[in-house]
Peer 1: 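Okay, here's the structure, questions in a sec.
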Amino acid sequence: MHLDVRCKYLAEYSTTQELAEVLNAPEYKQNRSMHIGGGSNLVFTRDYDGMLLHSKIQFINTVNETADKVTLEAGAGIVWDDFVKYCIAHNYYGAENMSGIPGEVGASAVQNIGSYGTEACDIILQVHCIDKHTGKTEIFSNPQCQYAYRDSIFKNEYYNRYIVTSVEYTLSKTPRFTLTYGPLREMASTPMLTLNHVRETILAVRNSKLPNPAETGSVGSFFKNPIIDENQFIALQAAYPLVPHYPAGEGRVKVPAGWLIENAGLKGFSIGGACVYPKQCLVIANTGNATPADVVALYKHIISTVSNKYGIELHPEANII
Ligand SMILES: Cc1cc2nc3c(=O)[nH]c(=O)nc-3n(C[C@H](O)[C@H](O)[C@H](O)COP(=O)(O)OP(=O)(O)OC[C@H]3O[C@@H](n4cnc5c(N)ncnc54)[C@H](O)[C@@H]3O)c2cc1C
């Protein structure tokens, strides 16, 4: 969010041995702690009076390969988009729709990142972790991670307990595109479609809608898209016939939070230096001088405005600390 917040200690490590040393250090043992990645989904509401841990474990190894599949293990400190570029350079299919998502490999497995019809859990085979309580290594298979929409066991039952050290992803060596999302759909008929073509299309769409993290602070989508039951949706559609919606299984309906916010008249609305990003109302942007208090006041205002107008509760997708 480009907020001016500080932590008491920051510990960065490049190997699991160095991480073990950090976990034995008095500064770690005597303070509360939290692991961060690139910080692109974090909103610190005040200074952090403890130790932040950050992985610089950076490698990509091939751990298994067959005629049509490859399994790569990537260190948690690899920048996610560098991993995507690596896959594309080697003609491995499966990560390309997640081109341009900010952050690092470790967080991809915690957050179950996703975009344009694919999610990290579609390609994650297993996740290598260290248990903060015992210091022991544990490997979680994909089903053990309990993946759901932007969710995993690491955000719930095991919140702040396991440190991801590396992630194994299985990719296809034979062409296998996912072209279900709007701007990609028309590419389905492109002859000789390439991974680079898909990546460039996605990066162009992202750049037109989302703030560039190097210039403007944001966490991407601030809220999850709410999933409501059919009766609630029927009432909503009666009042707002143009409301966009997508089936979410079991008779439930997903409604874009960005539309609810924009239709509530909040496009461009700001409190202090925090504003509803006009090109995509799902994003809260730091216009340059936002304080943590501005961001908190704005997101709470959005939640109450949307709740009063539609009777729908928005929930932050961002990690608010
Ligand atoms: C402009 C913009 C666009 C975005 N677009 C998308 C998008 O299209 N799709 C999407 O899914 N997300 C998107 N995001 C959100 C963000 O990119 C993801 O949530 C990403 O996974 C965060 O990665 P990070 O490394 O910055 O993690 P952080 O934000 O630093 O941390 C996120 C969470 O992961 C935990 N964590 C991080 N590393 C580790 C580790 N090694 N071990 C244990 N826990 C760890 C943290 O404790 C925290 O709970 C966007 C963000 C921005 C700013």
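Numbering of residues begins at 1 and proceeds along the displayed sequence. Atoms within each ligand, like the ligands themselves, are counted from 1 in listed order.
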Peer 1: Is the terminal nitrogen or CZ of Arg6 (NZ for Lys, CZ for Arg) located under 6.0 angstrom from the six-membered ring centre of Phe44 and within 45° of that ring's axis?
Peer 2: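 No, a cation-pi geometry is absent between Arg6 and Phe44.
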Peer 1: Mark the output for Gly114 as yes if a heavy-atom distance to ligand 1 is under 4.0 Å, and as no if none is.
Peer 2: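 Gly114: in contact with ligand 1 (<4.0 Å).
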Peer 1: For atom 16 (C) of ligand 1, which of the options Pro102, Gly103, Ser99, Ser108 provides the nearest non-hydrogen atom?
Peer 2: Pro102
Peer 1: Have a look at Glu317, Gln111, Glu119 and point out the one with the heavy atom closest to atom 19 (O) of ligand 1.
Peer 2: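 Shortest heavy-atom distance from atom 19 (O) of ligand 1: Gln111.
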Peer 1: As an exercise, state the distance from CG of Asn225 to CD of Glu317, rounded to the nearest 0.5 Å.
Peer 2: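 It is 8.0 Å, given to the nearest 0.5 Å.
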Peer 1: Tyr162: heavy atom below 4.0 Å from ligand 1, yes or no?
Peer 2: yes
Peer 1: Does the gap between the ring centers of Tyr169 and Tyr92 come in under 6.0 Å?
Peer 2: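 Not under 6.0 Å, so no.
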Peer 1: Closer than 3.5 angstrom, by distance alone: can the side chain of Gln144 be matched with the main-chain N or O of Val127 as a donor-acceptor pair?
Peer 2: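 The answer is no, because no donor-acceptor pair under 3.5 Å joins these two groups.
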Peer 1: Using heavy-atom distances only, which candidate in Asn97, Asn41, Leu53 approaches atom 15 (C) of ligand 1 most closely?
Peer 2: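 Looking at heavy atoms only, the winner is Asn41.
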Peer 1: Considering heavy atoms of the protein only, find what lies nearest to atom 41 (N) of ligand 1 and give residue, atom and distance to 0.1 Å.
Peer 2: Val164 O, 3.1 Å
Peer 1: Measuring from atom 26 (O) of ligand 1, which candidate in Gly75, Ser40, Pro213 has the nearest non-hydrogen atom?
Peer 2: Ser40
Peer 1: Out of Lys132, Arg206, Lys209, who is nearest to atom 3 (C) of ligand 1 when you count heavy atoms only?
Peer 2: Arg206
